[in-house]
Amino acid sequence: MLPEVHKTGGLIGAELRGLDLTADYPDETYEAIRQAWAEHGVVFLRDQHLNAEQREAFASRFGAIRVKQELRKEPDQTRAIGEGWHTDMTCFDEPPVATILFAQDVPLYGGDTQWAGMGPAFEALSPGLRATLLGLNAIHSNVRKLGLSYEQTDPPEPSIADYDAAAGPVHPVVRLIPETGRAVLYVNPEFTMRFEGWTRRESLPLLRYLYEFGVRPEFVTRFTWAPGSIAFWDNRQVWHFAVNDYQGQRRVMNRILLAGTKPIPAVAP
Ligand code: SIN
């Protein structure tokens with residue numbers, strides 16, 4: 001049994017139809033899902049009402065589970081986790097390769113998620129800027145001390161000196177997706193501190209340009225959740241953003257992160 005693949009945008013995203021993940025499928029079904037995931041950056045499935053054991057069994061077909069967590073925003077909580085463009089946990093030496101989000105309880109309206117494709121964004125840059133970026137590394141850190149909390153108070157905004165001093169892994173600014181051979185931009189507004197060998201102040205103009213360019217509408221896809229929806233994204237090549245426009249309503253998701261490896265730098269052709 002192979003899924004029907006329906007693109008959700010010209011450059012990013014696909015919905016996989018025709019599967020019932022409670023069924024016992026052969027390896028080739030999961031291989032087809034993996035291929036669609038690597039090719040489209042994020043894939044969506046609908047009407048998959050899985051219990052915790054079934055969610056873990058699905059995730060385990062694609063790699064080792066690193067983190068399992070419930071993301072629960074109650075009606076009296078105003079902050080949401082992930083309400084800014086980011087890639088999950090690039091502050092780790094080996095950031096998760098994939099994130100799978102399973103919708104359990106969703107608001108009547110609002111609470112969508114958006115993804116931006118860093119493969120198409122990189123490919124749309126000029127040859128000169130692509131060549132410059134291919135030669136760079138960046139330092140990643142959790143300087144804003146983001147955690148898994150719906151608390152209403154923001155931590156104080158770090159200073160330029162905090163960004164300059166922040167320690168963390170050095171990742172290539174353009175990484176390779178081995179399954180497709182694609183070179184993708186690998187900086188993100190949440191965890192990238194500065195380019196290696198550059199100060200934060202020197203890095204900011206170029207980073208800001210990339211952050212603005214990377215979310216042009218053609219690189220972005222948006223998904224409206226229903227109970228039983230799943231989004232499975234390639235954390236190496238997309239940013240995501242949880243839209244926090246459902247105040248006063250409950251939203252409960254289950255999230256699984258799959259263990260990744262050190263990013264492989266893309267090289268100039
Ligand atoms: C996340 O940042 O992983 C959460 C996304 C969401 O809840 O839509």
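Atoms within a ligand are numbered from 1 in the order they appear, just like the ligands themselves.
Remark: ligand 1 atoms within the under-4.0 Å shell around heavy atoms of R255 are 1 (C), 2 (O), 3 (O). When each atom of ligand 1 is checked for a heavy atom of H240 under 4.0 Å away, the hits are 1 (C), 2 (O), 3 (O). For ligand 1 and G82, the ligand atoms under 4.0 Å from any heavy atom of the residue are 2 (O). The T113 neighbourhood of ligand 1 comprises atoms 6 (C), 8 (O), with distances under 4.0 Å to a heavy atom of that residue. Counting the atoms of ligand 1 from 1 in the order shown, those under 4.0 Å from a heavy atom of L101 are 5 (C), 6 (C), 7 (O), 8 (O). The ligand atoms of ligand 1 that sit less than 4.0 angstrom from a heavy atom of H86 are 2 (O).
Heavy atoms from other residues, nucleotides or ligands lying under 6.0 Å from CZ of R61 number more than 12. Applying the 6.0 Å contact sphere to NZ of K68 captures no more than 12 heavy atoms from other residues, nucleotides or ligands.
Not a single heavy atom of T99 sits less than 4.0 Å from an atom of ligand 1.
Relative orientation of the Y186 and H171 rings is perpendicular, given thresholds of 30° and 60° on the angle between their planes.
Of the polar atoms of W233, none of the N or O atoms is found under 3.5 Å from an N or O of ligand 1, judged by distance alone. Residue contacts with ligand 1: D112 is placed with no nitrogen or oxygen under 3.5 Å of a nitrogen or oxygen of the ligand (distance criterion only). Considering both main-chain and side-chain atoms, R251 comes within under 3.5 Å of ligand 1 through a nitrogen or oxygen pair.
With 3.5 Å as the limit, one finds no donor-acceptor pair spanning the side chains of H240 and N235.
Listed by chain and residue number, F213 satisfy the ring-ring contact (aromatic ring centres under 6.0 Å, His included) test with Y209 (two or more places apart in sequence, or in another chain).
Grouped by direct or indirect side-chain proximity (heavy atoms under 4.5 Å, Ile/Leu/Val/Met/Phe/Trp/Tyr only), F232 sits with M1, V5, L16, L19, L21, Y25, Y30, I33, W37, V43, L45, L50, F58, F62, I65, V97, I100, F102, I230, I256, L258.
Considering only heavy atoms from C-beta on, F191 stays 4.5 Å or farther from S141 through its side chain.
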